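Sequence lines set the chain letters: A, B, ... in the order given, protein chains first and strands last, and positions in each chain run from 1. All values derive from a computational prediction rather than experimental measurement.
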Amino acid sequence: RAFLDSVDIDLKQPCEYLPSADMIESYNIKIDTPDNPLKATISSDSVWGILRGLESLSQLVYSSTETGVAYQINATEIVDFPRFSYRGLMMDSARHYMPLKTIKKMTDLMAQNKMNVLHWHLTDDASFPYESTLFPNISRYGSFQPFSHIYTANDVREVIEYARMRGIRVIPEFDSPDHTQSWGRGQPKLLTECYDDNGVLKVPDEYGAIMPIREENYVFLQQFFGEIFNTFPDPFVHLGGDEVSYYCWQRHPEIKAFMAANGWGTDFTKLEQYYFDRLTAATQEITQNQMRYIVWQELLDLNITLPTGTIVEVWKGAKEELNFLDELARITKYGYQTILSSPWYLNYISYGLDWEKYYLAEPLDFDGSDEQKKLVIGGEVAMWSEYVDSVSVIPRTWPRASTVAERLWSDRSVNDTTLAALRLEEHRCRLLKRGFMVDPSNGVNFCEQEWDM
Amino acid sequence: VWPKPQQQTYSETFFVLRPTMFQFQVVGERCDIIDEAVQRYYQLIFYPGAAASAPLAYPPTLSVIQDNPQF
């Protein structure tokens, strides 16, 4: 019809500086529509919508062997908006260190799949790569290598800025009170010394979860999370709370005395409640009630109450008897906002066609009222890194995560795997062409431009 | 488009894009996010693999791309 030499970018409201939980991501694209003849426009009320629209536009451009034209685009109209506001990817940089370059590539891929939350699982038992300004000894003694395998304040700023430019929030996770072995080396007396059944102190380097009855620990946690709140601009911080072992708590004489004094008997969930009450009170105080929380589902499973506005992440039930849909029904009944990750643990690998099960997992497919369903705000892909590092994280994650991205962005009715298969294959080839080493999705196939071709 | 948009209509009528002539025109509000994004997407549309190939700095400026005989 003509050459298309320009596309108008029409942002109708002033730019926001940071992506947020309630950011608007809707956009329109008009290319030679009756009300926009011979012109192309991307419009949105929000800069985040413009970003999503640019991504769509970039995918509309194609080359044709029929016409011999390298770049062409059809007359098109798109009206688009996300189905869920939280479309996350959890990246674990504690079991294996992920270089900044890898984190940025993952962020690029997220943006190219319209995902909007990078949940950065920064620390765990294995290592503490986050270099704290206030407590540098933790990464000095708790990282794999204190000069190379850490994230400095500059590194963290770089990741946040890179993500901001792509409309992606960065939510850090500092999982506690357990999964904290790496914290203890640089923060003495933080963890619970472990006694055996006879009340004898075990070898000096054996510790359990954070010692919940030591006052100084709450001073530390308040200062530490105060720093986190000032470092990461998103008000949400993931507090973890999963898989808390009571083994060392149960055997520590001071804790036993504390339990008895409070009349808690042997109910250690009361002690865990006490820990989270103190932690959230301390962080609310230092952040002037601005910090918001995400936690793993166990806290709700243990009937631990959490501050209003806390988001609960459902991660169990993909294999166990308890179905994640039942868990979603249970947690939303309590009135908590919820995100789902159970069906999307992509670190579990298999040979063959496995993306269909990710594609078909439906977060709203549980028995519950409309009010309960509104509390499900989205979901996230999880990529734990025990057996994944920067060599394999990208091909293992993509394009399988793309199927989750479509589940969380597109209409619920978009769930036909046959229709999706060819589109996914095309998308995989697109990502490959863009320079990302992503796995094949459908078995036998080819891309016009193969890797390293 | 992946993920599939909520509504999309299109016709067989097509336009041709010329990398040397093409530009994004910011007609509404603008800021650093938009300025960087249009540069990034110009590159993704016309030189999709450039980001991955050394020795170009990432993201390269338009002039770096246009002046580079490799392209």
_Which atom of A:Lys12 lies closest to which atom of B:Glu29, heavy atoms considered_ = C-CG, 4.5 Å

Tell me, side chain or backbone of [X] under 4.5 Å from chain B's heavy atoms, or both, or neither?
X: A:Val7; result: both
X: A:Leu432; result: neither
X: A:Glu426; result: neither
X: A:Leu54; result: both
X: A:Gln449; result: neither
X: A:Ala420; result: both
X: A:Val69; result: side chain

*So, does A:Ser58 use its side chain to make a donor-acceptor pair with the main chain of B:Tyr41 at under 3.5 Å?*
no

*Aromatic ring centroids of A:Phe3 and B:Phe15 under 6.0 Å?*
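No: the rings miss the under 6.0 Å criterion.
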
*Salt bridge flag under 4.0 Å for residues A:Arg164 and B:Asp32*: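 Yes, A:Arg164 and B:Asp32 are salt-bridged.
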
_Side chains of A:Glu77 and B:Gln7, heavy atoms from C-beta outward: is any pair under 4.5 Å?_
no

